[in-house]
Amino acid sequence: MITTENSLPLHLVISERLRDDIFSGQYAAGEQLPSEHQLMEQFGVSRITVRRAIANLVQQGLVEAQRGRGVFVKAQHKVTRSLSNPLIFFDEDMERQGTTASIRSLSFELVLSPPSVSDRLKLKAADQVYCQKKVILTDGIPVAIDITYIRVDIGQTFSQELQSSLIYPTLDKNGVSIERVEATLECTHATVELSEALEIPLGAPLLVNGYTAFTQHNQPIICGETLSRGDRLTYSVVLTKENSVL
């Protein structure tokens with residue numbers, strides 16, 4: 001029987017304990033979890049509570065319920081996005097890891113540039129930009145939401161391609177060379193909209209990669225942020241010391 005000193009509902013306490021068991025390796029990928037009856041006895045709770053706990057794990061993508069067979073642990077395939085030099089596009093980065101990258105465009109519209117975007121893209125206050133919201137998927141699994149602000153000339157020229165392909169490769173193959181990307185990393189939590197699009201619980205932790213991309217002559221053409229699932233996508237950076245001349 002479980003006991004808890006906090007006010008968490010029992011189904012969350014159980015799902016968190018099972019989650020810890022999965023990540024610690026007690027239940028390996030492909031292994032079956034104990035049956036409903038076994039979990040009821042183990043934790044001293046009702047069938048409804050056990051089912052809600054399992055539903056939490058299913059929603060987090062940790063297990064899958066197979067009708068007539070039971071609940072099985074899913075393989076957790078985490079990919080790494082390199083932010084180091086030389087600049088590598090996301091699709092190339094995923095391909096090197098044996099993963100296929102794709103997008104699902106949610107919206108692509110002309111909007112008044114927000115002040116922070118105008119500052120980053122060196123626009124006037126009354127200028128417009130294209131704003132694209134899209135889901136980024138690896139092997140068909142949603143791993144991130146990307147919100148990109150695109151200069152009007154670029155957005156108009158490549159609007160069709162940008163709604164079906166990743167932005168950096170699209171620009172590169174059309175002769176728009178990205179020479180530099182400035183990035184910042186921070187954390188946030190999933191809102192209702194983000195949790196639905198990424199198929200994660202409300203309030204789940206997200207990594208936020210804010211970026212501004214520049215072409216030649218230090219010209220910024222896009223900026224935005226990628227909000228990624230911490231359980232599916234990590235970022236790596238290699239730091240080197242500049243050689244000093246004595």
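The basis for the numbers below is simple: all heavy atoms, side chains too, and nothing from hydrogens, waters or symmetry mates.
- Taking Ser102 as the reference, Leu137 meet the side chain to side chain contact (heavy atoms under 4.5 Å, CB included) condition, with sequence neighbours excluded.
- Other residues, nucleotides and ligands place more than 12 heavy atoms under 6.0 Å from the CD atom of Glu92.
- Once rounded to the nearest 0.5 Å, the distance linking CZ of Arg229 with OG1 of Thr138 reads 8.5 Å.
- In the displayed structure, Gln66 atom CD is contacted under 6.0 Å by more than 12 heavy atoms of other residues, nucleotides or ligands.
- Under the 4.5 Å side-chain contact rule for hydrophobic residues, Phe158 and Ile150 share a cluster.
- Residues passing the side chain to side chain contact (heavy atoms under 4.5 Å, CB included) test with Val208 are Glu186, Thr188, Glu225, Leu227, sequence neighbours excluded.
- Residues that satisfy the ring-ring contact (aromatic ring centres under 6.0 Å, His included) test with Phe90, not counting sequence neighbours, are absent from this structure.
- Among residue pairs with one or both ends in residues 155-173, those qualifying as salt bridge (charged side-chain N to carboxylate O under 4.0 Å, His left out) are Glu161-Lys173; sequence neighbours excluded.
- Shown here for Ser35 and Gln38, the closest heavy-atom pair between the two residues is N-OE1, 2.8 Å.
- Within the structure, salt bridge (charged side-chain N to carboxylate O under 4.0 Å, His left out) contacts touching residues 56-69 (residues at least two apart or in different chains) do not occur.
- Thr157 contributes atom OG1, which lies 9.0 Å from atom CG of Asn174 (distance to the nearest 0.5 angstrom).
- For CD of Glu193, the number of neighbouring non-hydrogen atoms (other residues, nucleotides, ligands) closer than 6.0 Å is 12 at most.
- Legend: salt bridge (charged side-chain N to carboxylate O under 4.0 Å, His left out) pairs involving residues 105-133, not counting sequence neighbours: none detected.
- Within the structure, every pair that satisfies the salt bridge (charged side-chain N to carboxylate O under 4.0 Å, His left out) test and touches residues 45-55, not counting sequence neighbours, is listed here: Glu36-Arg47, Glu36-Arg51.
- Considering only residues two or more places apart in sequence or on other chains, Tyr168 meets the ring-ring contact (aromatic ring centres under 6.0 Å, His included) condition with Phe89.
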Inset, instruction - Determine, step by step, whether Ile145 and Ile136 satisfy the side chain to side chain contact (heavy atoms under 4.5 Å, CB included) criterion, reporting the C-alpha distance in whole Å, the side-chain angles of both residues, the deciding distance to 0.1 Å, and the verdict. - result: CA-CA 6 Å; Ile145 292 287; Ile136 298 177; over 6 Å; no
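- Cluster annotation: Val111 and Ile221 are assigned to distinct hydrophobic clusters (Ile/Leu/Val/Met/Phe/Trp/Tyr, side-chain heavy-atom contacts under 4.5 Å, transitive).
- Screening Val79, Leu198, Leu233 for a side-chain contact (heavy atoms from CB on, under 4.5 Å) involving Ser228 leaves a single residue, Leu233.
- Following chains of ILVMFWY side-chain contacts shorter than 4.5 Å, one cannot reach Leu194 starting from Leu185, and the two form parts of different hydrophobic clusters.
- For Asp146, the salt bridge (charged side-chain N to carboxylate O under 4.0 Å, His left out) partners are Lys134, not counting sequence neighbours.
- A heavy-atom distance below 4.5 Å is found between the side chains of Leu239 and Val237.
- For the atom pair OG of Ser107 and CD of Gln132, the computed distance is 7.5 Å after rounding to the nearest 0.5 Å.
- Pairs passing the ring-ring contact (aromatic ring centres under 6.0 Å, His included) check and including a residue from residues 191-226, sequence neighbours excluded, do not occur.
- Contact record, Asp91 with Ala101: CA-CB, 4.2 Å, taken as the closest heavy-atom pair.
- Residues passing the salt bridge (charged side-chain N to carboxylate O under 4.0 Å, His left out) test with Arg81 are Asp93, sequence neighbours excluded.
- Shown here for Ala28 and Val73, the closest heavy-atom pair between the two residues is O-CB, 3.3 Å.
- Hydrophobic clustering places Leu18 together with Val71 (ILVMFWY residues linked when any side-chain heavy atoms are closer than 4.5 Å, directly or through intermediates).
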Inset, instruction - Please test Leu206 against Cys187 for side chain to side chain contact (heavy atoms under 4.5 Å, CB included), starting from the C-alpha separation and ending with a verdict. - result: CA-CA 6 Å; Leu206 298 173; Cys187 297; over 6 Å; no
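- A 4.5 Å side-chain heavy-atom check between Tyr27 and Pro34 finds at least one atom pair inside the cut-off.
- Between Val45 and His11, the closest side-chain pair of non-hydrogen atoms is not below 4.5 Å.
- Here Asp231 contributes atom CG and Arg19 contributes atom CZ; the two are 7.5 Å apart, rounded to the nearest 0.5 Å.
- Interatomic distance, CD of Gln216 versus CD1 of Ile178, reported as 10.5 Å (0.5 Å rounding).
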Legend entry - Arg151 and Gln219: CA distance, side-chain angles, deciding distance, side chain to side chain contact (heavy atoms under 4.5 Å, CB included) verdict: CA-CA 11 Å; Arg151 292 179 65 100; Gln219 176 63 56; 3.1 Å; yes
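- Considering OG of Ser82 and CD of Gln97, their distance stands at 9.0 Å, rounded to 0.5 Å.
- Taking all atoms of both residues into account, the shortest heavy-atom contact from Ala126 to Leu112 is O-CD1, 3.6 Å.
- Leu162 and Gly155 get closest at one heavy-atom pair: CD1-CA, 4.5 Å.
- By the criterion of side-chain heavy atoms lying less than 4.5 angstrom apart, applied directly or through intervening Ile, Leu, Val, Met, Phe, Trp or Tyr residues, Val63 is grouped together with Met40 in one hydrophobic cluster.
- Of all heavy-atom pairs spanning Gly98 and Asp139, the tightest one is O-OD2, 4.4 Å.
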Inset, instruction - Determine, step by step, whether Leu57 and Leu33 satisfy the side chain to side chain contact (heavy atoms under 4.5 Å, CB included) criterion, reporting the C-alpha distance in whole Å, the side-chain angles of both residues, the deciding distance to 0.1 Å, and the verdict. - result: CA-CA 11 Å; Leu57 298 177; Leu33 290 185; 4.2 Å; yes
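- The closest donor-acceptor contact from the side chain of Ser195 to the backbone of Thr191 lies under 3.5 Å.
- Here the side chains of Ile222 and Ile167 are in contact, with some heavy-atom distance below 4.5 Å.
- A search for ring-ring contact (aromatic ring centres under 6.0 Å, His included) contacts involving Tyr130 returns Phe108, not counting sequence neighbours.
- Between the side chain of Ser113 and the backbone N or O of Ser118 there is at least one donor-acceptor pair closer than 3.5 Å.
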